[in-house]
Amino acid sequence: MTETKAPAADPGAARRAMGEATRRSVLGDAHVDRSQGTATLFDKPFVDFITEGAWGTVWSGDQLTKRERSLITLALLAGLGREEEFALHTRATANTGASPEDLREALLHVAVYAGVPAANTAFRIAKQVFAEREATDAGGAPEPSGSGDAPTRD
């Protein structure tokens, strides 16, 4: 006789739920819905990993504000040359409380510590994102930046 074991409880479920809520509060429902809508059996474990680890642990901690986490993330993405993710997180500053002036200061640090070319690219992307935001806020149709338009897993 074969013993059937009850399915184990998912220990990461609560952390993923917290991560999804945090992710939605930072990136917005539309982005998260698009990203989840493109998930497949192949990358679902990766999506769960990001949601649980990055969003459920790192972004959901209580030592830093969302604004501070946003600026750290933006500086790291700029320094690493992750243009699509940088554009995504620049758009998310509308939800994190990081101002364009805050981002400018972070990018000056990027120029000193990660290099002028990395900061130059990040300034270009940030200007595009902020121009799109202003156009949208003014009731105009935003011009697509070409950066970050593809669904990302972040």
Check the side chains of [Y] and [X] for a donor-acceptor pair under 3.5 angstrom, ignoring hydrogens and angles.
| X | Y | value |
| --- | --- | --- |
| Asp43 | Thr40 | yes |
| Ser25 | Lys66 | yes |
| Arg67 | Ser99 | no |

Open item on the list: For a side chain to side chain contact (heavy atoms under 4.5 Å, CB included) check, start with the C-alpha distance between Val129 and Phe86, then their side-chain angles and the critical distance, and finish with the verdict.
Closed with: CA-CA 10 Å; Val129 169; Phe86 181 81; over 6 Å; no
Donor-acceptor under 3.5 Å ([X] side chain, [Y] main chain):
| X | Y | value |
| --- | --- | --- |
| Arg69 | Val58 | yes |
| Thr51 | Gly56 | no |
| Thr93 | Thr96 | no |

[X] versus [Y], closest heavy-atom pair with distance:
| X | Y | answer |
| --- | --- | --- |
| Ser60 | Thr22 | OG-OG1, 2.7 Å |
| Trp59 | Thr73 | CZ2-OG1, 3.4 Å |
| Thr90 | Ala126 | CG2-CA, 4.1 Å |

Got a salt bridge between [X] and [Y], using NZ or NE/NH1/NH2 to carboxylate O under 4.0 Å?
| X | Y | value |
| --- | --- | --- |
| Arg133 | Asp137 | no |
| Glu134 | Lys127 | no |
| Arg16 | Glu20 | no |

Open item on the list: side-chain hydrogen bond (donor to acceptor under 3.5 Å, both in side chains), that's the test. Do Arg23 and Ser35 meet it? Break it down for me.
Closed with: CA-CA 11 Å; Arg23 185 177 179 211; Ser35 178; 2.9 Å; yes
Can you list, pair by pair, the side-chain donor-acceptor contacts under 3.5 Å of residues 105-123, counting residues two or more places apart and other chains?
residue : atom : partner : partner atom : Å
Thr121  : OG1  : Pro117  : O            : 3.2

- [ ] Establish whether Val47 and Met18 are linked, either directly or via other cluster members, by ILVMFWY side-chain heavy-atom contacts under 4.5 Å.
- [x] no
- [ ] Please answer: with hydrophobic residues joined when any side-chain heavy atoms are less than 4.5 Å apart, are Ile72 and Leu27 in the same cluster?
- [x] no
